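What follows is a set of notes on a single structure, which appears directly below.
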Amino acid sequence: MTFHIHNAYGRLVCERLAAFATMCVLVAGCHMFQLKAQDGSNAYNYLNITSSSRIYGLGGINITAIEDELSVTDQNPALLGPEMDNQILIDYMRYLGESNFAGVRYARAAGERAAWSAGIRYFGYGKMNSTDEMGNVNGSFSPSDINFNGSFSYDITDRLRGGITLKMLYSSYEAYSAFAIGTDLGINYYDPDNDVSLSAVIANLGGQIKRFNQSYDRLPIDLRLGIAKMFSGLPIRFSITAWNLTKWHLPFYETGDGTSDEPFVKKDKFMSNIFRHLVFGVDFIPNDRFYIALGYNYKTRTDMSTYARSFVSGFSLAAGMNLRRFNVGVALAQPHSGATTLMLNLNLNLNDILY
């Protein structure tokens with residue numbers, strides 16, 4: 001595939017931005033391996049919850065899916081491209097407890113090698129009681145987080161694309177509020193002849209500008225690597241994504257069936273740590289109008305290592321249809337027996353609707 005930029009100045013600017021983003025990915029990746037691993041703050045772990053039903057069906061973490069849909073760019077800005085010109089993504093998720101998440105994003109081509117997108121996503125956690133220091137209820141409040149985001153991508157070569165996402169994060173919890181800025185840097189190599197996709201992402205670089213109180217909450221900075229491959233003659237795409245690569249030890253606690261007073265057992269074995277870093281996904285794509293996605297996230301399953309864990313904990317399922325003027329997607333997962341999560345996507349192409 002050959003691309004042409006008619007505006008020489010625009011091409012120069014885009015090339016420099018892409019080169020800078022690529023350099024940041026490489027430098028940040030090398031630097032992060034030298035740092036002592038630290039867990040991110042729980043205050044911003046919602047950033048790891050995808051807005052894409054397809055990604056949610058593939059285990060919740062995926063940075064390599066090559067599709068002409070805006071939804072797949074959620075966790076890797078390098079998957080954004082001019083082929084997504086004038087698309088709108090609307091997402092809704094019914095999460096754990098009373099949590100409801102929703103968002104909208106718009107993408108536009110910037111010449112023949114670049115694209116940008118802008119969006120907003122709201123995270124609401126339902127109503128909670130407000131109490132005084134004695135435990136007396138004196139009202140209620142609805143905590144929430146809002147993610148304002150913008151992305152830019154550029155085709156460095158016919159097979160290599162770089163991207164950057166800037167996120168402005170506002171949190172409101174009762175009388176407290178905070179503001180943070182985060183950045184995702186991504187790069188993707190796609191070989192259409194062999195149908196293989198390779199990606200690397202540095203997620204959630206940044207920090208708080210305004211704190212809730214005196215304590216500083218960290219963003220969940222992460223290094224992610226991924227590969228996806230389709231084999232000739234098979235309408236199936238396999239993907240493996242490695243995440244949480246800024247730390248090796250990801251222990252969990254076996255809590256039993258809830259009938260024993262024995263202390264929890266810490267699990268931190270070598271193979272357990274390996275699989276808690278990996279997310280496995282399979283896409284069944286018989287044609288360009290329909291897909292089914294299945295994922296397995298071992299970390300999700302072991303995080304729910306209690307008697308409340310269901311048989312399907314760690315598994316997720318998604319399906320989507322490409323209709324005449326829009327795409328729809330739905331995903332389901334049951335992390336534990338007391339909660340079933342549901343995600344819906346509507347991907348609109350305004351070029352098909354308006355013209």
Side-chain angles (χ1 to χ4, degrees), residues 20-21 23-51 60-61 63 74-77 95-97 99 101 103 119-133 135 140-151 164-186 200-224 242-253 266 268 273 276-277 299-300 303:
F20 174 73
M23 180 186 69
C24 288
V25 171
L26 297 176
V27 172
C30 293
H31 179 63
M32 288 172 69
F33 274 120
Q34 298 172 4
L35 295 176
K36 180 179 179 180
Q38 294 179 338
D39 288 329
S41 165
N42 290 332
Y44 293 97
N45 279 342
Y46 68 86
L47 293 174
N48 291 325
I49 302 174
T50 181
S51 63
I61 304 290
I63 59 173
D74 177 71
Q75 296 176 344
N76 185 358
Y95 201 54
L96 304 177
S99 298
F101 308 152
I120 180 174
R121 198 174 190 214
Y122 172 81
F123 300 81
Y125 308 107
K127 285 190 176 182
M128 300 182 183
N129 289 332
S130 177
T131 63
D132 58 24
E133 62 274 13
S140 64
F141 67 100
S142 300
S144 63
D145 293 293
I146 302 177
N147 176 358
F148 303 92
N149 57 82
S151 300
I164 182 171
T165 294
L166 178 66
K167 298 177 284 192
M168 293 176 287
L169 312 169
Y170 176 75
S171 302
S172 176
Y173 300 165
E174 211 262 340
Y176 302 93
S177 63
F179 182 76
I181 295 178
T183 301
D184 295 345
L185 301 170
V201 172
I202 304 293
N204 305 317
L205 291 170
Q208 278 188 317
I209 305 300
K210 179 182 181 296
R211 306 180 183 185
F212 285 107
N213 201 348
Q214 299 301 317
S215 62
Y216 179 83
D217 294 305
R218 298 179 181 274
L219 270 63
I221 297 172
D222 192 16
L223 172 63
R224 299 169 182 175
W243 68 310
N244 280 316
L245 296 181
T246 57
K247 48 188 176 291
W248 164 248
H249 290 283
L250 296 174
F252 68 97
Y253 290 86
K266 183 178 180 180
D268 194 19
N273 277 302
R276 279 169 64 81
H277 283 285
K299 186 177 186 299
T300 297
D303 283 346

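Predicted model, so just to flag it, every value in this text is computed and none were measured.
- A 4.5 Å side-chain heavy-atom check between Asn149 and Leu166 finds every atom pair outside the cut-off.
- The ring-ring contact (aromatic ring centres under 6.0 Å, His included) test applied to Tyr95 returns Phe101, not counting sequence neighbours.
- Between Leu219 atom CG and Leu205 atom CG the span is 9.0 Å, to the nearest 0.5 Å.
- Put simply, the side chain of Gln75 reaches to within 4.5 Å of the side chain of Thr50, judged on heavy atoms.
- Ile164 CD1 to Asp184 CG: the interatomic distance, rounded to the nearest 0.5 Å, is 9.0 Å.
- In plain terms, the two heavy atoms of Ser215 and Gln208 that are nearest each other are O-OE1, 4.1 Å.
- Asn45 has its side chain out of reach of Leu47: every pair of non-hydrogen atoms, C-beta onward, lies at least 4.5 Å apart.
- Within the 4.5 Å cutoff, side-chain heavy atoms of Ile209 are placed close to those of Ile181.
- Here the closest non-hydrogen pair linking Pro77 and Gly186 is CG-N, 4.0 Å.
- Partners of Asn129 according to the side chain to side chain donor-acceptor pair (under 3.5 Å) rule, which considers only residues two or more places apart in sequence or in another chain, do not exist here.
- A salt bridge does not link Asp217 with Arg211: none of the charged nitrogens is closer than 4.0 Å to a carboxylate oxygen.
- With rounding to the nearest 0.5 Å, the separation of CD1 in Ile61 from CG in Asn48 is 5.5 Å.
- Under the side-chain contact (heavy atoms from CB on, under 4.5 Å) criterion, Ser142 pairs with Lys127, not counting sequence neighbours.
- Of the possible polar contacts, none joining the His277 side chain to the Ala242 backbone as a donor-acceptor pair under 3.5 Å is found.
- Scanning for side-chain contact (heavy atoms from CB on, under 4.5 Å) contacts around Phe141 gives Met128, Ser130, Pro143, Glu174, with sequence neighbours left out.
- Lys167 and Asn204 share a side-chain donor-acceptor pair at under 3.5 Å.
- Under the side-chain contact (heavy atoms from CB on, under 4.5 Å) criterion, Pro251 pairs with His249, Lys266, Asp268, sequence neighbours left out.
- Taking the six-membered ring wherever Trp is involved, the centroid distance between the rings of Tyr170 and Phe148 does not fall below 6.0 Å.
- Annotation: side chain to side chain donor-acceptor pair (under 3.5 Å) contacts of Ser177 (sequence neighbours excluded): Lys210.
- For Ser171, the side chain to side chain donor-acceptor pair (under 3.5 Å) test picks out Asp145, with sequence neighbours left out.
- With contacts defined as side-chain heavy-atom distances shorter than 4.5 Å, the pair Tyr46/Leu169 qualifies.
- No more than 12 heavy-atom neighbours from other residues, nucleotides or ligands sit within 6.0 angstrom of OH on Tyr176.
- Summarising the geometry of Tyr44 relative to Arg218, their closest heavy-atom pair is CD1-O, 3.7 Å, with the distance given to 0.1 Å.
- Rounding to the nearest 0.5 Å gives a distance of 4.0 Å between CD1 of Ile202 and CG of Leu223.
- In this structure, the side chain to side chain donor-acceptor pair (under 3.5 Å) partners of Ser51, at least two apart in sequence or on a different chain, are Asp74, Arg105.
- Across Asp303, Asn244, Thr300, a single residue satisfies side-chain hydrogen bond (donor to acceptor under 3.5 Å, both in side chains) together with Arg276, and that is Asp303.
- Tyr122 has its side chain within reach of Ser144: a pair of non-hydrogen atoms, C-beta onward, lies under 4.5 Å apart.
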